[in-house]
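One structure is given below, encoded as structure tokens.
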Amino acid sequence: MAQTKSHRFAGYGVLLAILGIVFMFFYSGLQNDQINIIQAFINEEGGGWSATLTQLPMTVGNFVCIALTFVYGTFFVKFGVKKPLVIIMIITALGTLGIVASNGLNCNGGVANGSYPLFFISLFIVRCGCMVLQMAGFQLVASWFIKARGQMMGIITLGSPLFSIVGTAGLTNVIAKNFNGDYRIFYVGVAIIVAVIAIVVAIFVKNTPEDVGLYPDGASEPPKSEAGEASTLTVKQVLSEGRAWLLIISFGAFQFIINACMGSMVVRYMSLGGLDVWLSATKWLAMGAAIGIPMSYIFGLLDDKIGSVKASIILGLTELIPVIALMVQPEGGSIPAMIVWGFGVACMTGGVPTMHPSITSYVYGRRDYQAANRVIMAIQLIPSAFAAMMMVTLISMGKANLAYGILIAVIIVGLIATFAMLKIRDANLEDRSYGKKQQ
């Protein structure tokens with residue numbers, strides 16, 4: 001019987017790993033990275049909408065997602081992951097088809113042959129819908145794993161740097177060279193894939209291991225750290241706790257950085273010499289994204305070995321790398337600086353998605369993860385909502401140094417808050433591998 005349960009858990013584990021990678025792949029692409037593809041082929045120079053206009057639905061969506069984070073999280077707490085996930089994925093698929101219909105591409109006549117209202121609405125829907133993919137992936141891992149939580153987070157979050165390889169870097173070049181700048185086939189493919197995934201989720205995914213008579217990590221008994229009745233955290237309780245605010249500040253800062261850098265990098269490089277400089281940079285972006293794949297797992301492994309707080313301090317320090325590399329880029333671009341930037345992207349795109357849910361689980365535990373996360377994450381998104389727009393605006397005004405100087409200050413604030421969490425105990429310490437050394 002024990003062996004049968006072990007095999008069953010392994011099957012669910014493999015399914016969750018594959019789906020989690022796919023979730024993060026599309027989340028990363030549709031949340032931030034797609035704007036770099038859009039702005040490469042829709043811009044004022046080519047007869048299309050301005051960078052400000054193409055960025056606007058993403059920025060508005062970022063603000064709306066603040067509220068949606070709480071809404072989605074509440075749905076997960078009340079109904080489980082599956083039902084809300086399937087419904088929102090279908091809506092997101094329809095939004096991608098709207099982007100196709102809105103046109104507006106330089107190669108197709110730009111503004112004259114585009115519908116900005118449809119573009120705005122569709123891109124807004126996609127931005128708001130894709131967030132559920134990340135939240136669902138994190139929730140499923142937090143529910144199904146404790147001992148190997150960090151490593152499983154590291155596995156599914158490799159989907160983020162994977163998109164940077166075949167998505168931002170690969171697709172930009174393919175679309176430019178093989179489709180004459182027409183990216184619509186890309187969005188048709190996204191719509192089909194997302195719809196298929198929704199069907200798979202509806203049929204095979206279970207909200208928790210207990211739903212099928214199993215325990216986290218495939219263990220033979222319930223988690224020791226969850227003895228007693230589960231607490232029911234209210235919004236007021238979360239907001240009254242110092243540990244919640246340390247989480248809000250630390251990863252609010254680290255998320256701000258990734259949104260700011262990834263959402264404005266095409267504008268930064270194009271400001272240094274146009275599309276040629278950006279296409280040159282995408283080669284090193286692909287390199288960084290490739291390195292980001294193992295970096296996702298490395299940060300997850302660090303989480304399981306030394307704890308989420310120490311691993312997050314390492315992450316915060318590495319976030320300085322891409323920011324400084326972008327700041328010092330000269331006119332025409334610098335290959336050495338691009339290489340350093342690529343490595344920084346690897347740490348950032350591999351580490352932030354992995355450590356964000358891990359450290360919330362560290363502080364609140366498996367059972368209270370989403371009850372706390374829906375509040376904490378919503379507040380974290382407030383500054384992140386205007387990160388890319390702030391960067392695009394300042395860079396377009398010729399104030400790139402000021403923009404990146406602000407990001408360095410934000411990282412320092414995040415690190416201070418993370419160091420302050422060193423005294424917080426892992427909520428599931430008794431069931432964590434490194435926990436035995438601390439008991």
Side-chain angles (χ1 to χ4, degrees), residues 22-23 25-61 88-131 133 159 162-199 262-263 265-267 270 274-276 278-279 282 285-286 289 388 392:
V22 174
F23 288 172
F25 178 87
F26 283 102
Y27 164 75
S28 179
L30 298 176
Q31 183 217 21
N32 275 325
D33 291 5
Q34 68 167 331
I35 197 62
N36 294 302
I37 297 174
I38 290 172
Q39 290 178 340
F41 303 110
I42 296 181
N43 49 64
E44 283 185 296
E45 293 78 9
W49 302 302
S50 67
T52 301
L53 285 177
T54 52
Q55 185 76 49
L56 186 58
M58 298 288 282
T59 302
V60 175
I88 297 166
M89 286 181 73
I90 293 173
I91 295 173
T92 302
L94 293 174
T96 61
L97 294 178
I99 295 175
V100 173
S102 67
N103 202 347
L105 289 149
N106 295 347
C107 65
N108 293 329
V111 174
N113 291 317
S115 170
Y116 184 75
L118 180 58
F119 174 84
F120 183 98
I121 293 170
S122 300
L123 189 56
F124 170 79
I125 289 172
V126 171
R127 171 62 189 95
C128 292
C130 73
M131 184 181 65
L133 295 171
L162 186 60
F163 184 88
S164 294
I165 297 176
V166 302
T168 304
L171 279 171
T172 300
N173 281 281
V174 170
I175 292 168
K177 297 175 181 177
N178 299 93
F179 295 95
N180 193 34
D182 191 338
Y183 60 55
R184 290 178 297 176
I185 187 66
F186 159 67
Y187 281 103
V188 171
V190 170
I192 294 172
I193 295 171
V194 170
V196 170
I197 296 170
I199 295 172
M262 300 305 287
M265 59 186 177
V266 64
V267 174
M270 291 187 73
L275 186 59
D276 288 340
W278 168 236
L279 291 178
T282 59
L285 173 64
V392 169

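These numbers come from a predicted model, not from an experiment. Computed from heavy atoms alone, side chains included, the values below leave out hydrogens, waters and symmetry copies.
When all heavy atoms of Ile42 and Gly104 are compared, the closest pair comes out as CG1-O, 3.6 Å. Nearest heavy-atom pair across Met270 and Trp278 is CG-CB, 3.9 Å. Of all heavy-atom pairs spanning Gln55 and Ala388, the tightest one is NE2-CB, 3.7 Å. Of all heavy-atom pairs between Asn106 and Gly48, the closest is OD1-N, 3.4 Å. In plain terms, the two heavy atoms of Pro57 and Phe119 that are nearest each other are CG-CE2, 4.1 Å. A pairwise comparison of heavy atoms in Ile37 and Thr172 identifies CG1-OG1, 3.9 Å as the closest pair.
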* Asked: After noting the C-alpha distance and the side-chain angles of Phe179 and Tyr183, does the key distance pass the ring-ring contact (aromatic ring centres under 6.0 Å, His included) rule?
  -> CA-CA 7 Å; Phe179 295 95; Tyr183 60 55; over 10 Å; no
* Does the side chain to side chain contact (heavy atoms under 4.5 Å, CB included) test come out yes or no for Met265 and Leu285, once each step is laid out? -> CA-CA 10 Å; Met265 59 186 177; Leu285 173 64; 3.8 Å; yes
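Phe120 contributes atom CZ, which lies 10.0 Å from atom CG of Leu53 (distance to the nearest 0.5 angstrom). For the atom pair Phe26 CZ and Ile193 CD1, the distance stands at 4.0 Å (nearest 0.5 Å). In this structure, CG in Leu30 is found 11.5 Å from CD1 in Ile35, a value given to the nearest 0.5 Å. To the nearest 0.5 Å, the span separating CG on Leu56 from OG on Ser50 amounts to 9.0 Å. Taking SG of Cys107 as the reference point, atom CD1 of Ile175 lies at 9.5 Å (rounded to 0.5 Å). Taken to the nearest 0.5 Å, the CG atom of Leu171 stands 12.0 Å off from the CG atom of Asn36.
Ring geometry, Tyr116 versus Trp49: the interplanar angle exceeds 60°, so the pair is classed perpendicular (tilted spans 30 to 60°). Taking the six-membered ring for Trp and thresholds of 30 and 60 degrees, Phe25 and Phe163 have ring planes more than 60 degrees apart, a perpendicular arrangement.
Ile125 has its side chain within reach of Ile91: a pair of non-hydrogen atoms, C-beta onward, lies under 4.5 Å apart. With a 4.5 Å cut-off on side-chain heavy atoms, Gln34 and Val126 count as touching. Side-chain contact between Val22 and Ile197 is present, with at least one heavy-atom pair separated by less than 4.5 Å. Residues Arg127 and Cys130 meet the side-chain proximity criterion, which asks for heavy atoms closer than 4.5 Å.
With Ser122 as the partner, the side chain to side chain contact (heavy atoms under 4.5 Å, CB included) test is satisfied by one option alone out of Val100, Leu97, Ile99: Ile99.
Asn173 places no side-chain N or O within 3.5 Å of a backbone atom of Leu279 that could act as its donor or acceptor partner.
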